[in-house]
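So you know, we letter chains A, B, ... as the sequences are listed, proteins then strands, and number each from 1. The model shown is predicted, which means the values in this text are computed figures rather than measured ones.
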Amino acid sequence: MDATHDIDPSSPEVMLTFYRRLYPFKAIHNWLSHEPIPTRLFTHREFAFTLPGDVYLRYNSFSSAEELKKQVCQLNPTRFEIGPVYSARPRDKKTVRSGAFNPLQRELVFDIDMTDYDPIRTCCSNAGICRRCWGFISAAVRVLDTAIRNQFGYDKLLWVYSGRRGIHLWISDKEAMDLTDNERKALVGWMTVITGGKETGRKLNIRSGSKSLPPPLQDALQILRKIFSDLILADQDCFGSEAGYEALLELIPDSGTVERLREKWTKDPNRSSEDKWSDFREIVRKKPESERLPLQAAMEDVVIQYTYPRLDAEVSKHRNHLLKAPFCIHPKTGRVCVPINPDQVEKFDPEMVPTVGQLLRELDAIGKTEEQGTDHHADWEKTSLKPYVDMLDKHASLLMEEVRREKRGAEPNLSW
Amino acid sequence: MYNSSKKKQTVDQPLTQVETHGLLAYPHRLNFYDKAPLFDVTVEEFEICALDRLRILAEIESSAARNRTWEELKNVTETQCGKYLPLSANTAKSIRLDEQRRKDHLGHFVLRLAFCRSEDLRRRFIRAETTLFKVRYETDDYKERENFLSSRDFNWIPVSDEEKNQYKDRLFHGPINDDKIKAEKFYKVKWTRVPDLVEKRRVFLKGGFAYVPGREQSSIVFQEFEVQLGKALEMTARLLPRLDEDTRLVPVLDNLSQGFLAGVSSEWSGVLGSDNANEIKAEMIDDLARKHFPMCMRSLHESLRRDNHLKHFGRLQYGLFLKVLGLSVEEAIAFWRKAFSRITDDKFNKEYKYNIRHSYGLEGKRANYPAKSCLQILTPGPSEHGCPYRHYSAENLQSALLSTYSSQGLSSADLPEIMATVNAGHFHVACTRVFEITHASCGVSKGEGVGGGESVTHPNQYAARSMELAKPKVEEDAMVVD
Ligand SMILES: [Zn+2]
């Protein structure tokens, strides 16, 4: 519990030790390169460094994992970001002909941040995050993970905790890597239902012409009904307060129903969200069909409105958007940005993520028993970082296996 | 002309005139332009085909700036195509279909050469060409379109009835029965081939495939057209350096791409001037200027009247404009002699008369100089007399517009709209709008431009159209007098 109080994550010495002894450069390399040797996917990749004092260095590129490590240890950035694969090495940007330097490939990425849920979560506010409001993030992961796999057919997905109160998704399938900006925009449009920021309170506009939900949202709704009942009604009690239930009433398109519910709920301020939702459902159930259908549609919309993933669309639309590399340290929390198994996302507890302070103390502990070796490459193996690095390694080996399989498949064609 | 890299080397026969429609060299009206034209053409043909097509593309481009609806755009494009690039259906028996289609084919490829050179030009060309294709696709005869579609492999997989049944609650709305499932067609394609439909959630997606309903089939076709053209342009751009050695073509191509950048097709041949039966006399010009001249020529005319003089380039610009308007060389000499009232006959004869005769092709190398087009006036040159919409400050332009045209119905309420187009850099659109406003009394409505939705691309086109609009009225008056 006292992981951070004696080791300051923002101290340069702490960061340097972390990079030198713990950061899994090799795993990161394999994941980006799709092969155990550096390919263009690695050598033509942009890395951007954030140095203390808000110095931002863009268009760095490296010919190997070792070179990247050397530079990181030299610059000792507070964090670094990964960008697209360009048509030339980013470090040569100034010398290549203009027009010959374009982003070509890039993992398809998504960024989901708790900030976009501030209007509805009741347990924390601002920078805070706890296990309870993590439920919003895990709902988003459920929906997005399922949709990407089933609808788009991608399966090389890496989910990474952002270090504070959000999550990133990196998709490395070849087709996803090759998507143009326009195609990314289309995919994001498909996925987007609720735009973040000020518009979050607005009524949804997801039913075009016909009254039924479009197919992808029908699928999402299957997942979200249960989450709505557990998270929104039981846990967060989103309609408990007056402001909370007024927000719900605004989404009901029938003024008679709104009046009846408001009267009931004002009289009995202690009714829980679950009770209130049942009140609503009861009224709807008794309506004649012509009035019932639009109200049932509104109920579905409410479920989606409160639980559907809120995406930062700009991050996903452009190949040249930079995103923080996995395993960086969040400067405020000291937590490592670790990969998350989407099947276990509900059990993930942001507060249990190893911090840089904790990891360095673990290193100190083994340092006392072992000879301080010259080779630090595998030091993470002896710390609680290990399961997370193993996850990335496993993911990278899937990508490498795919490339090997493709090469084998291509061999007969090369034999002419 | 030139060979693009082709996978299949088919027989490259020069086109012969085939009149039997069953054996058309171009069996379809629609064209994906997969094959480069491999017949011989003259430089003139090369340029004419391109210019005619460019008019249409430029009009499509300006449609966006003029905020036209799809229906308006379609109508304008069809009218323009009818004039410059007619493309008839196979059922049109008396038309030389192959000739039309050959022109369409050639024009497209010439413009590819002109527009492959920069990212921006490529993007705009693709957009305009895809729009043109859409217009033609929508207006194509249903059966002929079906034939065209089956003539090439769109790589779509028809969805079987079993599969439709399997996903029926995702594919169909409302009550479903077997007949409905059988009747509605679906095509399976990689989702990236219909990004527009995906973005709007108008398809069912499964494992990376989009199930496109028959009524949205055109989306696949348009997207395919756009993607193929994009790839082809990049290919052409890589091959272009070799072509640049052909010095006859380079100036033509430069001229074409510049014209597109300025939003106007580059030349407007002043034929209208020649069929102007009523000869224009020197003393009529004040009146004509007031009623019919575009802003650039109004401003030249006014400086001439104010200073009793015009500097060299202004003289050249205005002189050629008046020539194309129909002023004979004798009348031109009379006009300028009178206008330059502060100089002696001797000086005039020595210094100016020769130049006037020269511009009429009667001296020197006896070239028939054309009048300057909007493009030439818009491009900054040695002349201070450019396009007022481009070169005047916002403040000066607004007061000049009011003082010049308020007698013809332009009011300060019109200024915000005009200034908005000016600020967006669409000078010819602003000029076109002023034409529409000042000719509203002749029945010109918004969007009609100088006829058929055409934008102003030449001062003589502006003036000729304005005079043409005034004509019937004159005849009516004459009849009353009779
Ligand atoms: Zn919380």
What option among A:Ala186, A:Pro216, A:Gly153, A:Gly189 has the most heavy-atom pairs under 4.5 Å with chain B?
-> A:Ala186
Would you mind telling me which of B:Thr192, B:Leu205, B:Leu197, B:Asp169 has the largest number of heavy-atom pairs within less than 4.5 Å of chain A?
-> B:Leu205
Tell me, do B:Val198 and A:Glu183 make a side-chain contact under 4.5 Å, heavy atoms counted?
-> no
Exam field: side chain B:Arg201 to backbone A:Pro214, donor-acceptor pair closer than 3.5 Å = no
Straight-line distance of B:Lys190 NZ to A:Phe152 CZ, nearest 0.5 Å = 10.5 Å
Between atom CD of A:Gln218 and atom CZ of B:Arg170, what is the distance when rounded to the nearest 0.5 Å?
-> 4.5 Å
A:Glu289 atom CD, over 12 foreign heavy atoms within 6.0 Å | no
Close side-chain approach of A:Glu175 to B:Trp191, heavy-atom, < 4.5 Å | yes
So what's closer than 4.5 Å to chain B heavy atoms on A:Leu187: side chain, backbone, both or neither?
-> both
Exceeds 12 heavy-atom contacts within 6.0 angstrom, atom NZ of B:Lys180 = yes
Which answer fits A:Asp155, side chain, backbone, both or neither, if we ask what part of it has an atom under 4.5 Å from a heavy atom of chain B?
-> neither
If every non-hydrogen atom of B:Pro195 is compared with every non-hydrogen atom of A:Asn182, which pair is closest and at what distance?
-> CG-ND2, 4.4 Å
Step by step, work out the side-chain contact (heavy atoms from CB on, under 4.5 Å) result for B:Glu199 and A:Lys185.
-> CA-CA 7 Å; B:Glu199 185 165 11; A:Lys185 181 172 149 276; 3.4 Å; yes
